[in-house]
Chemist: 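Before I ask anything, here is the structure I am working with.
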Amino acid sequence: MNTAPAAGERATAELVATGLAKIGLVLRHEAWAERERTGLTPTQSQILALLRARGPASLAAIAGELAVSLPTASDSIASLAAKGLVDKRPGRPLVVAPTTAGLRLAQRTARWPDFLLEAIDELTPEDQSAFLRGLTAMIASLQRRGRIPVARMCASCRFFRPNVHPDPLRPHHCAFVDAPFGDRQLRLDCSDWQAREHEEAG
Ligand code: SF4
């Protein structure tokens with residue numbers, strides 16, 4: 001059976017990719033504007049945000065989570081330590097923890113830019129749901145191909161039961177909290193996430 005995408009589907013895929021690239025450009029500009037405001041590089045900001053969300057972490061865990069090399073993570077952590085924003089706790093492995101000043105700065109920079117939230121707010125709730133559903137599927141696909149690190153999202157969680165309820169507003173089920181939920185509540189970074197067994201083994 002021929003599973004190659006038709007020409008029309010390919011053209012739509014390219015339009016979506018062009019749209020994502022434009023949004024990526026806006027986010028990159030914003031990341032560099034933030035560098036002017038905070039003195040942090042995008043990688044340093046991401047490390048602080050990660051430590052704020054998950055607590056102290058090893059160098060390898062930080063590098064893996066942000067999909068950067070160990071030397072890049074190590075250099076960024078050294079810069080953050082020199083600024084008094086993280087502490088390096090010696091041991092095997094060495095653990096990096098945010099200081100109070102680091103947590104305060106991470107909290108200040110954690111908010112998404114207003115212009116981005118306003119643009120998303122202009123979408124209808126249905127379009128927001130469809131967008132989130134599409135993004136979730138894309139991230140899951142990129143994860144399966146090893147192009148981005150595994151994110152703690154519903155699509156790859158052992159507790160996720162998609163489309164098991166008749167209610168179109170809340171068709172999915174989270175077996176962790178044992179409750180139904182809808183596309184608008186699909187999580188992309190959930191602290192209760194656990195890998196599926198075959199993914200743990202792989
Ligand atoms: S535990 Fe979190 S990631 Fe897993 S299904 Fe429930 S809400 Fe989604």
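In this chain, residues are counted from 1 in sequence order. Just follow the structure's listing: the first ligand is 1, and inside any ligand the first atom is 1.
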Chemist: Are there over 12 heavy-atom neighbours, none belonging to R108, within less than 6.0 Å of that residue's CZ?
Modeler: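 For R108, atom CZ is not crowded (no more than 12 foreign heavy atoms under 6.0 Å).
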Chemist: Under 4.5 Å between side-chain heavy atoms, counting indirect links through other Ile/Leu/Val/Met/Phe/Trp/Tyr residues: same cluster for F159 and V164 or not?
Modeler: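 No.
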Chemist: Output, by chain and residue number, all protein N/O/S atoms separated from atom 2 (Fe) of ligand 1 by less than 2.8 Å.
Modeler: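 For atom 2 (Fe) of ligand 1, the protein N, O and S atoms that sit under 2.8 Å away are C190 SG.
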Chemist: Could you check whether any side-chain heavy atom of F181 comes within less than 4.5 Å of a side-chain heavy atom of C154, counting everything from C-beta outward?
Modeler: yes
Chemist: Should Q128 and R184 count as side-chain neighbours, where that means a heavy-atom distance under 4.5 Å?
Modeler: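 They are in contact (side-chain heavy atoms under 4.5 Å apart), so the answer is yes.
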Chemist: Would you list the atom pairs, donor with acceptor, under 3.5 Å between side chains in residues 15-30 and any protein atom, with sequence neighbours excluded?
Modeler:
{"residue": "T18", "atom": "OG1", "partner": "E14", "partner atom": "O", "Å": "2.8"}
{"residue": "E30", "atom": "OE2", "partner": "R37", "partner atom": "NH2", "Å": "2.9"}

Chemist: Quick one: are R187 and T136 in side-chain contact, heavy atoms under 4.5 Å?
Modeler: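 SC-SC contact between R187 and T136 ruled out.
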